[in-house]
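Proteins come first, then strands; the chains are lettered A, B, ... in the order of their sequence lines, and each starts at number 1. These numbers were taken from a predicted model, which means no experiment stands behind them.
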Amino acid sequence: MSAAVSEKNSVLMEKIVSLCKRRGFIFQSAEIYGGLNGCWDYGPLGAELKRNLKEYWWRKNVQERDDVVGLDGSILTLEAVLKSSGHLDGFSDEMSTCKSCKRHIRFDQLRDLIANSAWAQSLAEAMTVEKPGDPAGVSADGETLARWARKKGKTLAPNLALVRNPEVVISWIIEESVRHQPMDPWYFTQLVATEQLRQTGPVNPCPDCGGELTAPRKFNLMFETNFGAAGDGTAYLRPETAQSIFVQFKNVLETSRVKLPFGIAQIGKSFRNEINPRNFTFRSREFEQMEIEYFCKPEDGLRLTDEWLEARLTFYEEIGIPREHLHIVDIPDGERAFYSQKTYDIEYEFPFGIQELEGIAYRTDYDLGVHQKGSGKSLEYFDEESKEKLLPHVVEPSAGCDRTVLALICEAFDEETVTDEKGKEEVRTVLRFSPRVAPVKVGVFPLLKNKPELVAKAREVQKLLTPFMTVFYDEAAAIGRRYRRQDEIGTPFCVTIDFDTIGENGEELKDTVTIRERDSMKQERIAISELRAFLLDRIQ
RNA sequence: GCGGGUAUAGCUUAGUGGUAAAGCCCUAGCCUUCCAAGCUAGUUAUGUGGGUUCGAUUCCCACUACCCGCUCCA
């Protein structure tokens with residue numbers, strides 16, 4: 001992305017964030033206290049928008065399918081579940097950062113990385129050539145070290161203490177080598193990275209540049225919480241909704257009379273202690289997922305992954321995110337999780353970059369396998385046809401709910417230049433939501449507030465529609481302003497009660513209203529009796 | 001987590017070591033026969049905590065949050 005484009009998109013994103021706050025879509029959590037990093041609250045309109053998304057997803061993926069059932073699992077999660085799933089080990093890495101080049105290093109990988117690093121291999125080679133036949137360990141040879149530091153070290157590990165300040169470091173090494181005979185190779189590796197041994201103790205070197213690494217810090221990527229009356233038990237806030245689906249697989253299977261292939265769907269909150277929340281609600285510490293685990297026979301996994309990709313793309317189209325703004329990434333071998341045979345990411349062109357909305361992963365029988373092993377309970381499925389037991393495989397379409405809401409807002413946001421009768425140009429801000437997801441479906445206005453007949457009639461129309469859709473009644477300010485207010489929150493239709501409606505201009509126009517469409521700003525006149533059907537037909 | 005930037009009303013901005021200004025928005029009233037009209041009145045702000053000072057929104061320090069670039073992203 002060029003700097004100019006980046007700047008333009010940054011301004012666009014600021015406008016979107018500002019609109020979200022101004023109109024009550026999204027607020028920062030605990031704003032009056034200074035805010036809580038990585039957490040956001042949905043205001044009245046945001047709550048409607050998000051509900052519409054979730055309800056449509058549920059309807060399409062659960063209610064309108066006879067092969068998917070729903071689940072609503074607990075957020076608090078037993079430690080053993082996350083132990084089996086691999087989250088407990090995989091989600092709490094110790095990390096070090098290089099003070100010179102800022103690279104992040106997973107501490108458990110450090111020794112391997114050092115062993116394979118160019119400078120460490122070069123140094124080891126130099127020591128071996130100069131001192132052949134010293135199998136017990138590394139012995140310090142000041143001259144060899146100094147020569148290496150001046151030559152190869154300068155290019156391979158410019159930030160290594162030995163290279164930056166050979167005299168001091170070599171003196172430490174010689175001193176230490178007397179006390180440690182034979183010297184442990186790892187201790188030697190630490191020593192060449194240590195400039196102030198007395199002050200700092202031995203430090204670890206960066207595998208890239210030789211610079212000093214910070215002490216390892218533990219990143220708890222899951223939120224831990226106390227549990228039980230005495231508070232001495234440990235539970236976790238789930239980092240994904242999927243695990244309760246796997247853990248309840250057997251119960252659902254036995255109670256729902258489902259047969260392979262079938263899916264279990266769930267919408268709910270998940271929590272990850274993101275190192276760096278960023279980009280408005282995109283990367284939050286508390287977020288909502290819409291997940292399906294679609295269980296199948298092993299031979300169907302790859303085919304179903306492709307089918308789900310298609311189904312999900314259609315879904316995005318139906319809520320107003322066109323395929324042209326989505327990118328499908330087929331995650332290549334080596335970059336997928338080790339248990340996945342196929343993974344697609346569906347990405348959206350956000351103003352801040354192309355970012356993931358949903359992942360569709362063929363996870364084989366990994367999940368049921370680990371929980372079967374962890375719990376000691378069989379999770380096998382008996383196939384009536386073949387009379388055989390099998391451990392089902394699973395395809396997981398996992399969508400980010402908040403991310404999709406953000407994509408809906410970004411996609412809908414538009415600033416349009418309109419020219420009024422006097423030739424004056426002005427900007428019309430419109431959220432072009434699909435009527436299906438729009439938080440308010442219809443605005444109802446009396447043309448004038450100070451005419452009781454108009455107000456009364458408008459209230460009647462409001463009452464007529466309220467049971468079927470979200471209606472916003474507004475009588476304040478000029479009619480044009482009211483239209484624009486609705487444009488800004490993405491209301492697809494506005495109904496205005498005027499003097500025709502109350503029969504002032506003839507019997508044939510009595511009980512008709514104007515209905516104005518958001519995008520075209522065109523109006524047509526229809527009978528109040530047809531209003532409900534007209535609108536329901538267009539908002540589904 | 002690192003580096004850089006920002007923080008004044010709901011929004012956009014002004015300004016000052018000594019009473020904080022405007023436009024838009026919003027609210028109420030008047031007016032108004034279809035696209036942000038007009039008039040009147042009104043509410044609302046120096047992110048938090050320290051320090052320097054007689055006095056700090058302004059200068060200094062710390063914290064928090066947000067933005068940008070790295071980094072991370074099961």
Can the positive tip of Arg459(A) be found less than 6.0 Å from the middle of the six-membered ring of Tyr473(A), inside 45° of the ring normal?
yes
Members of residues 472-483 of chain A that approach RNA chain B, where some heavy atom sits under 4.0 Å away
Ala478(A), Ile479(A), Gly480(A), Arg481(A), Tyr483(A)
Going by side chain to side chain donor-acceptor pair (under 3.5 Å), name the residues that satisfy it together with Lys373(A), two or more places apart in sequence or in a different chain.
none
Which residues satisfy the side chain to side chain donor-acceptor pair (under 3.5 Å) test with Ser85(A), sequence neighbours excluded?
His87(A)
Pairs flagged by salt bridge (Lys or Arg N to Asp or Glu O under 4.0 Å) wherever residues 441-455 of chain A is involved - sequence neighbours left out:
none
Looking at RNA chain B, which of residues 24-35 of chain A put a heavy atom within less than 4.0 Å of it?
Gln28(A), Gly34(A), Gly35(A)
Restricting to side chain to side chain donor-acceptor pair (under 3.5 Å), what partner residues turn up for Asp345(A), sequence neighbours left out?
none
Per the atom types in the model, does the base of G10(B) pair as donor or acceptor with the side chain of Arg23(A) at under 3.5 Å?
no
With sequence neighbours left out, write down each residue that passes ring pair (Phe, Tyr, Trp, His ring centres under 6.0 Å) with Phe433(A), or none if nothing qualifies.
none
For residues 394-404 of chain A, which residue pairs qualify under side chain to side chain donor-acceptor pair (under 3.5 Å), counting only residues two or more places apart or in two chains?
Tyr42(A)-Asp402(A), Lys50(A)-Asp402(A), Glu291(A)-Ser398(A)
I need the residues from residues 499-511 of chain A with at least one non-hydrogen atom less than 4.0 Å from RNA chain B; give them sorted by number, or say none.
Phe499(A), Glu504(A)
Only stems of 3 or more consecutive Watson-Crick or G-U pairs count here, both distances under 3.5 Å; name the ones for RNA chain B, or none.
B:1-7 with B:64-70, B:10-13 with B:21-24, B:26-30 with B:38-42, B:47-51 with B:59-63
Contacts of Phe246(A) that satisfy ring pair (Phe, Tyr, Trp, His ring centres under 6.0 Å) - sequence neighbours left out
none
Enumerate the ring pair (Phe, Tyr, Trp, His ring centres under 6.0 Å) contacts for residues 476-499 of chain A, please, sequence neighbours excluded, ordered by first and then second residue.
Phe445(A)-Tyr483(A)
